[in-house]
2 protein chains.
Amino acid sequence: MLVTQKTQYALRAIFELAKHRDRGLRKISDIAQAQAIPERFLEVILSQLKRSGFVTSKRGYHGGYRLVPPPERISVGDILRFMEQSDHPLHCIACISRCKCPLDGGCAFRPMWNQIEDAIYHIYDRTTIQDLVNNETGCAAAVNG
Amino acid sequence: MLVTQKTQYALRAIFELAKHRDRGLRKISDIAQAQAIPERFLEVILSQLKRSGFVTSKRGYHGGYRLVPPPERISVGDILRFMEQSDHPLHCIACISRCKCPLDGGCAFRPMWNQIEDAIYHIYDRTTIQDLVNNETGCAAAVNG
DNA sequence: TTTTTCTTGACTAATACAGTCGAGAAAATT
DNA sequence: AATTTTCTCGACTGTATTAGTCAAGAAAAA
């Protein structure tokens with residue numbers, strides 16, 4: 001629910017792999033450099049992402065990471081949900097934030113939190129990694145005239 | 001953008017004042033008890049909220065806090081925006097989370113973050129404090145049969 | 001057999017958030 | 001006037017989460 005720095009890195013790593021997908025494996029160090037992510041930290045993140053099945057890796061000389069499904073079949077929601085679940089296995093459905101679930105004002109606030117959660121994930125789920133890549137090329141075109 | 005514990009307390013305090021509005025001033029200690037908020041912390045929060053103009057206070061014997069506008073004319077968005085701005089004067093418009101605004105993947109992610117922000121505030125802005133109060137009475141009715 | 005690159009888990013550091021505290025100033029009460 | 005109540009203000013501390021590091025090892029290719 002909460003988009004941490006780590007989650008943003010995860011998203012950017014996937015994004016980077018998507019752009020590179022048809023050119024084979026990509027090294028951690030290259031991804032780190034391209035996306036300005038601390039390399040050592042990225043190691044942790046990518047090996048976590050492996051467990052989602054969205055990426056695979058190969059070790060050694062021509063090793064690296066690779067995005068498995070085509071980017072148009074992965075949504076941002078898929079990635080965020082995976083990161084969320086693997087970092088916070090117990091999750092408070094009513095809450096938008098890092099949440100300790102107190103009274104919550106009884107149930108007065110719950111409908112609103114639920115609306116927010118739905119609205120957020122609606123957007124995450126309909127946004128594919130390919131959409132993000134397209135955004136960038138659109139933007140580059142705009143910048144370069 | 002990020003709903004912290006403090007912001008939730010602020011919202012619950014306003015909610016409590018709304019319920020009590022026609023009965024005059026309400027003491028910090030009573031609000032704290034009713035909403036399960038640490039009293040000393042609530043002092044800080046309420047005196048911060050005073051600067052928004054949504055609440056006023058009076059000291060001394062029969063002192064306490066009071067909600068100024070009618071609850072149907074205050075939106076959740078009003079409160080959240082005020083808290084957000086007074087806690088984080090510099091705010092990154094592109095970001096949903098605690099954000100350090102790095103590359104952000106160029107502008108690839110920005111449209112999505114903007115959509116999220118708009119969607120969230122659309123809900124916050126259309127939800128009034130009175131709506132929350134109504135939720136609760138509706139819920140109590142459901143519970144009590 | 002050397003180099004490269006991922007793998008794993010434990011470790012440390014930084015920061016933001018949460019909450020506390022003490023001394024003081026109005027306002028009413030007695 | 002003295003006392004009690006309640007808000008006021010700013011500085012202070014603790015703590016949990018997040019962020020990030022490190023070292024030793026294992027596969028894969030050269």
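Order of the sequence lines sets the chain letters (A, B, ...), proteins ahead of strands, with each chain counted from 1. As a basis for the values below, the full set of heavy atoms in this structure was taken, side chains included, without hydrogen atoms, waters or symmetry mates.
Aromatic pair A:Phe54/A:Phe82: ring centres not closer than 6.0 Å.
Between the side chain of B:Arg26 and the backbone N or O of B:Leu17, no donor-acceptor pair lies under 3.5 Å.
Between the CZ atom of A:Arg51 and the C1' atom of C:dC6 there is a distance of 14 Å, given to the nearest Å. We find that CZ of A:Phe41 is positioned 7 Å from C1' of D:dT18, with the value rounded to whole Å. Regarding B:Ile45, its CD1 atom lies at a distance of 14 Å from the P atom of D:dC7, rounded to whole Å. When the C1' atom of C:dT20 is taken as reference, atom CD1 of B:Ile28 falls 14 Å away, rounded to whole Å. The separation between B:His88 atom NE2 and C:dT15 atom C1' is 12 Å, rounded to whole Å. Following rounding to the nearest Å, B:Gln48 (CD) and D:dG10 (P) show an atom-to-atom distance of 12 Å. Here the P atom of nucleotide C:dT8 and the CG atom of A:Leu42 are 15 Å apart, to the nearest Å. Between the P atom of D:dT8 and the CG atom of B:Leu46 lies a distance of 9 Å, rounded to the nearest Å.
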Base-contact (B) and sugar-phosphate-only (S) positions in nucleotides 24-30 of chain D, heavy-atom cut-off under 4.0 Å, - elsewhere: -BBBBSS
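Of the candidate nucleotides C:dT20, D:dT21, C:dC17, C:dC17 has the atom nearest to the side chain of B:Thr4. The side chain of B:Val44 lies closest to C:dT20, out of C:dC6, D:dG20, C:dT20. Distance from the side chain of A:Tyr65 is smallest for C:dT7 among the nucleotides C:dT7, D:dG20, D:dT8.
For the pair A:Thr7 and B:Ser57, nearest-nucleotide mapping onto DNA chain D gives the more 5' position to B:Ser57.
A salt bridge links B:Asp125 and B:Arg81; the closest N-O separation between the charged side-chain nitrogens and carboxylate oxygens is under 4.0 Å.
Within the 4.0 Å cut-off from OP1 or OP2 of D:dG20, not a single side-chain nitrogen or oxygen of A:Lys6 is found.
Annotation: the span from B:Tyr9 atom OH to B:Ile31 atom CD1 amounts to 14.5 Å, rounded to 0.5 Å. Taken to the nearest 0.5 Å, the CD atom of B:Gln115 stands 5.5 Å off from the CD1 atom of A:Ile123.
Other residues, nucleotides and ligands contribute only 12 or fewer heavy atoms inside 6.0 Å of the CZ atom of A:Arg73.
Classification of the A:Phe109-A:Trp113 ring pair by plane angle, with boundaries at 30° and 60°, yields parallel.
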